[in-house]
Amino acid sequence: MPRVSVKEDRDKSLVRLGAVIRARRLSLDLSQEALADVAEIDRSHMGKIERGERNVTFLNILKIATAIQCRPSDLLKEADL
């Protein structure tokens with residue numbers, strides 16, 4: 001099975017998910033670096049996730065959700081996924 005790339009994200013799912021993560025982070029008054037630190041994700045990778053430039057893994061969604069104190073399903077629902 002071929003890998004799915006960001007270029008194949010025609011309905012902008014990754015961009016929507018990244019926007020939700022960014023909005024939640026900002027509502028908690030967290031810097032991108034602070035969120036990345038708590039979630040144990042490289043800061044530059046976190047930036048790419050927020051901009052929809054990376055096909056974020058399920059495990060990273062779990063880490064991010066825990067760091068911003070919500071359920072993974074909340075992120076997906078807010079992103080209309």
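- Atom CG of L35 sits about 4.0 Å away from atom CE of M46, to the nearest 0.5 Å.
- A distance of 12.5 Å separates CZ of R24 from CG of L26, quoted to the nearest 0.5 Å.
- A donor-acceptor distance shorter than 3.5 angstrom exists from the side chain of D74 to the backbone of R71, with no hydrogens or angles considered.
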Please determine whether side chain to side chain contact (heavy atoms under 4.5 Å, CB included) holds for the pair R54 and N60, giving the CA-CA distance in whole Å, both sets of side-chain angles, and the decisive distance to 0.1 Å.
CA-CA 11 Å; R54 286 287 184 252; N60 281 345; over 6 Å; no
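- More than 12 heavy atoms of other shown residues, nucleotides or ligands fall within 6.0 angstrom of atom CG in D11.
- The only member of V56, D9, D80 that meets side-chain contact (heavy atoms from CB on, under 4.5 Å) when paired with L17 is V56.
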Check the pair L62 / L59 against side chain to side chain contact (heavy atoms under 4.5 Å, CB included), numbers first and verdict last.
CA-CA 5 Å; L62 293 176; L59 293 177; 4.1 Å; yes
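- Criterion: ILVMFWY side-chain heavy atoms under 4.5 Å apart, direct or through other members. Under it, L81 and L14 are not part of a common hydrophobic cluster.
- Note: L30 CG to I68 CD1 = 8.5 Å, rounded to the nearest 0.5 Å.
- V15 and I49 fall into different hydrophobic clusters, defined by Ile, Leu, Val, Met, Phe, Trp and Tyr side-chain heavy atoms under 4.5 Å apart, directly or through other members.
- Counting heavy atoms of neighbouring residues, nucleotides and ligands inside a 6.0 Å radius, atom CZ of R43 does not exceed 12 of them.
- Rounding to the nearest 0.5 Å gives a distance of 14.0 Å between NZ of K48 and CG of N55.
- Distance check: K77 NZ to C70 SG gives 12.5 Å after rounding to the nearest 0.5 Å.
- Rounded to the nearest 0.5 Å, atoms CD1 (I21) and CD (Q32) are 10.5 Å apart.
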